[in-house]
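Just so it is clear: chains get the letters A, B, ... in the order the sequence lines come, proteins before strands, and each one is counted from 1.
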Number of protein chains: 2
Amino acid sequence: MATRLSDVAARAGVSVKTVSNVINDYPHITAHTRAKVEAAIAALDYRPNVSARSLRKGRSDFIALAIPEMASAYFAELGAAFSRAAKKRGITVLIEQTEGESAAEQLVLDGMRGQLIDGIVFSPITSTPAKIGAAASGKPLILLGERTTGGTFDHVAVDSVQAAFDATTHLISLGRQRIAAIGVGGGGASGTGAVRRKGYRKALKAAGIAHDPALELAGTGYHRLDGAASMRELLALPEPPDAVFCFNDLLALGALRTLADAGLSVPGDVAVVGFDDIEDGRYHSPSLTTISPDKEWLAEHTVALLLERIAGSGEAERRSLTVPYTLEIRESTAG
Amino acid sequence: MATRLSDVAARAGVSVKTVSNVINDYPHITAHTRAKVEAAIAALDYRPNVSARSLRKGRSDFIALAIPEMASAYFAELGAAFSRAAKKRGITVLIEQTEGESAAEQLVLDGMRGQLIDGIVFSPITSTPAKIGAAASGKPLILLGERTTGGTFDHVAVDSVQAAFDATTHLISLGRQRIAAIGVGGGGASGTGAVRRKGYRKALKAAGIAHDPALELAGTGYHRLDGAASMRELLALPEPPDAVFCFNDLLALGALRTLADAGLSVPGDVAVVGFDDIEDGRYHSPSLTTISPDKEWLAEHTVALLLERIAGSGEAERRSLTVPYTLEIRESTAG
DNA sequence: CTGAAAGCGCTTACAG
DNA sequence: CTGAAAGCGCTTACAG
């Protein structure tokens with residue numbers, strides 16, 4: 001039905017081996033032979049069948065990126081960066097939405113799409129490293145996001161403790177005294193909330209400010225809705241905060257919405273810092289001060305490491321990459 | 001190396017055919033046989049090899065969604081909806097970022113990932129139906145977005161003329177007289193800008209308002225940046241508008257930013273309407289009035305139609321689906 | 001229901 | 001460089 005390698009070989013008057021060599025850019029092909037083959041490929045509009053190739057080679061040049069939800073701005077931007085980084089290297093990214101709980105594990109469990117996938121980058125919500133270890137199907141796997149526990153996987157993350165320290169210290173440097181934190185309970189098993197709170201508390205302590213549990217809001221998620229609700233709680237306090245460090249930008253945008261509704265000025269009454277540097281925050285009014293992880297760096301290095309693992313013999317030691325970040329000071333703290 | 005179908009058959013004491021029957025849910029399997037096979041599958045942790053299956057059956061149960069950029073909120077939300085709709089039906093969505101120009105055509109040209117993909121949903125930016133027709137590799141293809149020209153493909157779109165008419169009429173009903181439009185030049189060959197302008201002008205005409213070319217801004221793209229720049233142009237006019245209909249929400253969010261910077265009140269001084277209903281607009285302050293296409297409906301029906309085409313004998317007549325929408329009135333016009 | 005076998009379209013030793 | 005052939009792991013007629 002479809003044109004096959006052998007059709008191309010017949011038309012070019014060479015062996016299938018030679019056609020395969022041309023397609024795969026192997027050496028020892030004369031320019032003349034190559035030209036003949038390429039002409040035949042063009043004439044027949046031939047495209048290699050990736051299923052056959054994948055079956056034969058045991059490699060598909062597909063990798064998966066498993067994220068909680070692709071419509072969330074941070075992950076959407078990450079997905080875009082991964083796709084670009086992978087395309088540059090001739091491989092394709094399959095984006096999997098885990099949508100929380102068990103679905104995440106199930107993905108890994110389900111054998112990485114029936115062996116179609118060469119490796120996976122996994123941003124877990126509820127899965128602990130132990131669970132993932134039990135479920136992993138032996139293919140290369142890189143974890144994204146903070147890992148409090150050791151685990152046996154490569155992992156890539158921002159130094160969240162340091163970043164949270166920097167964000168909080170920035171607020172302190174503005175003279176703020178009652179600095180709240182929104183999102184301390186978030187991030188599930190990957191411990192985002194716990195890790196960022198650590199940096200937050202550390203900064204307070206370094207400045208001689210006692211941390212007030214009433215100012216640490218857990219919330220139920222990391223979306224605008226949660227940020228808005230947490231901010232309402234904070235405003236209802238007998239002594240509301242004069243600054244808020246939100247553990248991601250969506251929380252911060254929700255908080256800003258509540259502050260606007262309450263008629264409070266930002267940063268006049270309350271200064272706000274986020275985390276992630278999503279595009280919405282840059283255009284918001286006021287624009288959002290935030291921790292900006294280098295997403296391109298993250299995608300590039302993670303894809304490179306994964307491909308190294310896929311190609312590698314296997315037993316290299318576990319690697320841990322730290323993503324560079326900057327603190328982007330914008331109107332929400334420097335109006 | 002990996003466990004194969006034959007390993008499962010051997011362990012269960014049945015033929016490979018029977019194992020295959022169990023996996024593919026074919027009839028005429030006794031409960032006892034099924035149980036034996038399933039036990040063997042579980043014991044060996046067997047997962048079918050999708051490359052082999054795909055090679056043999058000529059179907060992969062993968063479809064592609066080709067969109068301009070996945071980090072753009074509307075497309076991110078669409079991608080999420082497609083993934084869910086597909087997963088429900090046991091198929092997987094491969095999201096391709098075309099990033100504009102020729103890349104879009106290239107995707108279609110490149111033979112849909114070497115025949116891995118069963119069909120494609122394509123949201124073109126610059127490709128005309130004619131170009132796509134020439135490049136299509138014969139597999140089912142559905143176009144997303146307005147098609148001014150006929151084309152020979154199935155397509156799914158909002159009735160943008162009517163939606164733009166509704167949005168503009170809403171502004172007129174608020175008593176606005178100088179209603180600008182941002183984005184009239186956008187959407188490339190798919191003609192989003194032209195189609196929405198048509199509805200916009202129609203509404204003005206119906207209300208007896210002459211349309212003023214100075215109030216129709218083309219801009220270069222459909223992002224916040226473009227909306228912000230266009231709004232600045234409008235404010236520099238001798239007679240600035242008292243309302244703006246932006247052809248997508250990103251343009252509207254950019255415009256709102258410019259208005260905030262200029263110290264103008266929304267909707268007091270200028271009322272703003274968008275198109276797409278992305279989450280950012282719902283939480284923005286002021287929240288954004290917008291045309292809200294039913295994205296779940298879109299994804300569900302498009303996936304269903306594509307699967308019908310893939311399964312179908314082929315020569316059914318071209319189908320055109322119209323996506324339902326509502327006008328969501330929020331603070332930016334009803335503060 | 002079973003068993004033996006062909007074939008999907010590649011890649012890759014193997015012998016020249 | 002070429003040619004003939006095996007084999008990746010499935011599905012599916014085919015004969016029983």
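Atoms CG (A/L55) and P (D/dA6) sit 17 Å apart, rounded to a whole Å. Going from atom CZ of A/R4 over to atom P of C/dG9 covers 5 Å, rounded to whole Å. Rounded to whole Å, the distance from CZ on A/R47 to P on C/dC8 is 20 Å. Separating the NZ atom of A/K36 from the C1' atom of D/dC1 is a distance of 11 Å, rounded to the nearest angstrom. Straight-line distance from the CZ atom of A/R59 to the C1' atom of C/dC10: 16 Å, rounded to whole Å. Taking atom CG of residue B/D61 and atom C1' of nucleotide D/dC10, one finds them 14 Å apart after rounding to whole Å.
Between A/T30 and the phosphate of D/dC1, there is a side-chain N or O to OP1/OP2 separation shorter than 4.0 Å. One finds no side-chain N or O of A/S51 lying less than 4.0 angstrom from the OP1 or OP2 phosphate oxygen of C/dC8.
In this structure a side-chain-to-backbone donor-acceptor pair under 3.5 Å is present from A/K87 to B/Q97. When atom types are taken as modelled, the side chain of A/R318 and the backbone of A/D154 share no donor-acceptor pair closer than 3.5 angstrom.
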Show which side-chain atoms of residues 67-74 of chain B pair as donor or acceptor with protein atoms under 3.5 Å away, not counting sequence neighbours.
{"residue": "B/E69", "atom": "OE2", "partner": "B/H223", "partner atom": "NE2", "Å": "2.4"}

Please output the side-chain donor-acceptor pairs of residues 77-84 of chain B that fall under 3.5 Å, not counting sequence neighbours, one pair per line with the distance.
{"residue": "B/E77", "atom": "OE1", "partner": "B/K295", "partner atom": "NZ", "Å": "3.2"}
{"residue": "B/E77", "atom": "OE2", "partner": "B/E279", "partner atom": "N", "Å": "3.0"}
{"residue": "B/S83", "atom": "OG", "partner": "B/G79", "partner atom": "O", "Å": "3.2"}
{"residue": "B/R84", "atom": "NH1", "partner": "A/E99", "partner atom": "OE2", "Å": "3.1"}
{"residue": "B/R84", "atom": "NH2", "partner": "B/E296", "partner atom": "OE2", "Å": "2.8"}

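In terms of the salt bridge (charged side-chain N to carboxylate O under 4.0 Å, His left out) criterion, residue partners of B/R319 (sequence neighbours excluded) are, by chain and number, B/E308. B/K88 meets the salt bridge (charged side-chain N to carboxylate O under 4.0 Å, His left out) test with B/E300; sequence neighbours excluded. Checked against side chain to side chain contact (heavy atoms under 4.5 Å, CB included), A/K57 has the following partners two or more places apart in sequence or in another chain: A/R53. Residues passing the side chain to side chain contact (heavy atoms under 4.5 Å, CB included) test with A/S15, sequence neighbours excluded: A/K17, A/T18. In this structure B/D7 satisfies the salt bridge (charged side-chain N to carboxylate O under 4.0 Å, His left out) test together with B/R4, sequence neighbours excluded.
When the nearest nucleotides of DNA chain C are assigned to A/S6 and B/T33 by heavy-atom distance, the more 5′-ward of the two goes with B/T33.
Between C/dG16 and C/dT12, the two C1' atoms lie 16 Å apart (nearest whole Å).
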Pairs under 3.5 angstrom, nitrogen or oxygen only, protein versus nucleotides 11-15 of chain C, please.
{"residue": "C/dT11", "atom": "OP1", "partner": "A/N24", "partner atom": "ND2", "Å": "3.3"}
{"residue": "C/dT11", "atom": "OP1", "partner": "A/R53", "partner atom": "NE", "Å": "3.0"}
{"residue": "C/dT11", "atom": "OP1", "partner": "A/R53", "partner atom": "NH2", "Å": "3.3"}
{"residue": "C/dT11", "atom": "OP2", "partner": "A/S20", "partner atom": "OG", "Å": "2.9"}
{"residue": "C/dT11", "atom": "O2", "partner": "A/R56", "partner atom": "NH1", "Å": "2.4"}
{"residue": "C/dT12", "atom": "OP2", "partner": "A/Y26", "partner atom": "OH", "Å": "3.2"}

Dot-bracket for DNA chain D, please, read 5' to 3', with Watson-Crick or G-U wobble pairs under 3.5 Å on both distances, ( ) within the strand, [ ] crossing, | other strand, . unpaired.
|||.||||||||.|||
